Amino acid sequence: MSRYDFAQTELKWQAIWEQRRCFAAHEDATRPKYYVLEMFPYPSGRIHMGHVRNYTLGDVVARFKRAQGFNVLHPMGWDAFGLPAENAAMQRRVHPAAWTRENIATMRQQLQRMGLSYDWEREFATCDPEYYAHEQKMFLDFLREGLVYRREAWVNWDPVENTVLANEQVIDGRGWRSGEPVERRKLAQWFLKITEYADELLDTLKELERWPERVRLMQENWIGRSEGARVLFRLAGRDDRLEVFTTRPDTLFGASFCAIAADHPLAVERAENNPALAAFLADCARGATSEAAIETQEKRGFDTGLRALHPFDAEWQLPIYVANFVLTEYGTGAIFGCPAHDQRDLDFARAYGLPVVPVVAPTDIGAASFSIGAEAYLGPGRLINSRFLDGLSVAEAKAEVTRRLVADGAGEKKINFRLRDWGVSRQRYWGCPIPILNCPKCGILAVPEADLPVRLPEDVDFEAPGNPLDRHPTWKHVICPQCGGAAVRETDTFDTFFESSWYFARFCSPHAANGLDRAAVDYWMPVDQYIGGIEHAILHLLYSRFFTRALRRCGRLGVDEPFAGLMTQGMVCHETYRAEDGRWLSPDDVVREGDRWTEHQSGRPVVVGRSEKMSKSKKNVVDPEGIIEAYGADTARLFMLSDSPPERDLEWTDAGVEGAWRFVNRLWRMVETAVEDAPAEAGDASDGAAVAALHRDVHTTISRVTEDLDKFGFNRAVARIRELTNSVADLTGETPPIREARRKALGIIVQLIGPLMPHLAEELWQRLGHNRLLALEPWPIADPALLVKDRVTLGVQVNGKLRGTLEFAMNADEAQIRSAALALPKVAEAIGGRALRKVIVVPNRIVNVVV
RNA sequence: GCGGGCGUGGUGGAACCGGUAGACACGCGAGACUUAGGAUCUCGUGACGCAAGUCGUGGGGGUUCAAAUCCCUCCGCCCGCACCA
């Protein structure tokens, strides 16, 4: 028997699939379509295990659906713009374009080695002008539709490098290269009005039934619809008013201060004549802009000296503070603080010695004895200390306050969203240029259609900090199309989420001159199954949902939702290793001898840490290429699928890979033995039963594996296939009927592993005597007659504890089961002569005797 | 800080809708085969116990004839937070 030569076999079938264009997709109205898409990768250099997992999952779905008769679209491309290319340019003096192209070439070759059934004819990279040209047009369409506007927004500013920093470039409030504390700066930037669709994006979540519940929840919370009131506070000694949004208008009588954001117009105004306040505002402008950074910093405030008048009592004055925890972007950038019923307000009030008056008391505690300690009270109750609201429920009080505010012209009911408009301007080189001109006479203008696309210039340098587009000698200088005078280009580029917000539609017509060919897009969209990491649960998916609606509004496509089904896969993890001195060690650097782990080079002991997400910084990475070289793509794929369910984290272990490898070889041997045909033996009567049992097993397995794959239960499917493999191995003997049954069962196993281990399956399929490619074969169908179970095993419990089992025909008579259960010796013993209170018989499942 | 999730043997996990916990693997132990094997095959393997049996799904509490599954609470870990992709 020959050994399985995986390397030669895998390359052979990959060449045949490509030659025959097995996976090229064409629109065909006579067949049901199925569009399966994995999140396309950023070409960072080499593929990592996360990619291998993601693309294996997608490929299994693609191959399975193809076998089930669907017309499958399964494309792949490159999310090619982004920060790492610029970092490489600065650190290694390679041009971002060259670096990106090189990485794409490497990674394409690595993906092809995995045997993924992509239609490579549809491949594109988002840094191709043929790709980004269309998004410049889309942006101008959106501008015409009123979906785009320009305003100032905060950025992280590195004062040493004179550069805008991404949040990830801010480490502990300092620039990653300069090490200096970052500042917040305001810059004019372009925004897309995603908030115009806030309601729709929220409401439609309900209809995304094939999305994970948790992703829908996260999006719901992100959009953050909240009902409340807009309250206008008059200001002592002034004519203008302070506008505040609150979700708790019922607590208005518990207010003890107002707080405004550091860049609120009132704060800025008061700082003009108040150096201490100005210093405080400057202090607030230090530090990173991320919400996590802002919300975890110490809560601090500064009294502006302004006093707000309570809307229901002009005698009642509330101090107005500037507070560093009030977010400019949320609501009106101003709040009223009710310390008794909001934790942040309480922390603030305790720090600044402000009164804490409870106004809602839980019904089971008397109003008199209710007081607030270290924790704000957020629960339900009745209003107290609140004049005309006393005794009302929270809901009633909200309604009543709002009614009175409206009557007094001091406020109104208001629905507010946490969702903010999407800022798309980036002060970077390696992105899609924003097609806008700035003329000193005519103002801000769109680049005329005829001049599109605005191409990125290639001749740029990264020696100086800041945006190379901005300091390019000629690129930004243009003639104004309106007045013929000198004008300049916008030197910002788009957020790279822009590219990934419509690439799924471009795959439908990747070569169409007009970007999206309606016939093709209408045929393929929406994506039936989208697969990718949970880390994209909010931003990428929400932007894509918005973009799809914006494109629909411009008539470029006809669907609302881009992704009908979504699967979010978990991370790939590995144990971590550290040397005694704390250095991280790579799995390649350590050896295990029994329970002892040592450093390969020095023989010094190694501390084994828990399994964590593979990351370069912890060195716990395993390179997929090495695994594929050593074991082949099928083994890597099988391991990715067999242990953990896709949505859960997967722990990469050598032992697990070995296990997968052994199964590959076991199947190979079994098929080799089966086709070698040892001399036949005479059969006997017992063969019939064994053959029939295997036959039933085969059909049960077909049915269960089909169901498992439908539900993405790949690990269960693998377990079922292994069980059937064990059954085939257990059927010994060389009589003709046994031999025939074994060959048939192996044929089915080969078909079932087809989507999981396509190369091995293709090879074995041929060896079993088939001429057609397995990749083109239909999926096996289970015979329903063989799926009916005729006997069941019932558990018998006494007071919920298992005391024995009974075998019965399906749907046997309950009275019979009951008496048989009571007759079991162990059951009788457990009852011990006590009186029966009840006997519960759950048909075909369990009997519980209650005494 | 806010939002979301996860937790089952030595390990990864299985268990449909509340109904026999631990399928399938990995690891480990014993044996067989072999010149040899880190190959292959057979048997065993949740814990405690000689056994009968008892205990057991992160901890505590509750609902139920019956809870890994439902409810409350606590703990631990992970992910996202708008300029990483």
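Values in this document were obtained by computation on a predicted structure and should not be read as measured data. Numbered from 1 within each chain, the chains take letters A, B, ... in sequence-line order.
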For B/G80, does the glycosidic angle fall within 90° of 0 (syn) or outside that (anti)?
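Because its glycosidic torsion lies more than 90° from 0, B/G80 adopts the anti conformation.
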Decide, for B/C26, between syn and anti: a glycosidic angle within 90° of 0 counts as syn, anything else as anti.
anti
Give me the distance, rounded to whole Å, that separates B/G22 from B/A47 when you measure between the P atoms they each carry.
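Here B/G22 and B/A47 have their P atoms 14 Å from each other.
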Could you tell me whether the phosphate oxygens of [N], OP1 or OP2, come under 4.0 Å of any side-chain nitrogen or oxygen in [X]?
X        : N     : answer
A/Lys801 : B/C55 : yes
A/Arg648 : B/G7  : yes
A/Asn221 : B/G4  : yes
A/Arg720 : B/A14 : no

Would you indicate what [X] reaches in the nucleic acid, counting non-hydrogen atoms under 4.0 angstrom: base, sugar-phosphate, or nothing?
X        : answer
A/Ser642 : nothing
A/Lys299 : nothing
A/Thr296 : base
A/Asn726 : sugar-phosphate
A/Gln297 : nothing

Would you check, one step at a time, whether the test side-chain contact (heavy atoms from CB on, under 4.5 Å) holds for A/Tyr42 with A/Thr496?
CA-CA 10 Å; A/Tyr42 178 76; A/Thr496 57; over 6 Å; no
Taking the side chain of [X] as heavy atoms from C-beta outward, which of [options] is closest to it?
X        : options             : answer
A/Arg803 : B/A15, B/U54, B/G19 : B/U54
A/Ile840 : B/G53, B/A14, B/G19 : B/G19
A/Arg214 : B/A23, B/G5, B/U20  : B/G5

Aromatic contact, A/Tyr132 with A/Phe81 (centres under 6.0 Å):
yes
B/A23 P sits how many Å from A/Asp697 CG, rounded?
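For the pair A/Asp697 CG and B/A23 P, the rounded distance is 17 Å.
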Nearest whole Å is fine: how far is B/A66 C1' from A/Leu802 CG?
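So the two atoms are 12 Å apart, to the nearest Å.
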Looking at A/Arg216 and A/Glu213, is any side-chain nitrogen of the basic one under 4.0 Å from a carboxylate oxygen of the acidic one?
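A/Arg216 and A/Glu213: salt-bridged.
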Check this for me: does any side-chain nitrogen of one of A/Glu535 and A/Lys613 sit under 4.0 Å from a carboxylate oxygen of the other?
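A salt bridge is absent here (no side-chain N lies under 4.0 Å from a carboxylate O).
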Do we see a donor-acceptor contact under 3.5 Å between the side chains of A/Gln219 and A/Trp211?
no
Protein proximity profile, nucleotides 67-85 of chain B - base contact B, sugar-phosphate-only contact S, no contact -, cut-off 4.0 Å on heavy atoms:
----------SSSSBBBSB
Could you pick out which residue, A/Leu794 or A/Val850, lies toward the 5' side of RNA chain B when each is mapped onto its nearest nucleotide?
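Between the two, 5'-proximity favours A/Leu794.
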Give, ordered by number, those residues of residues 652-666 of chain A having at least one heavy-atom distance below 4.0 Å to an atom of RNA chain B; if nothing qualifies, reply none.
A/Ala655, A/Gly659, A/Arg662, A/Arg666
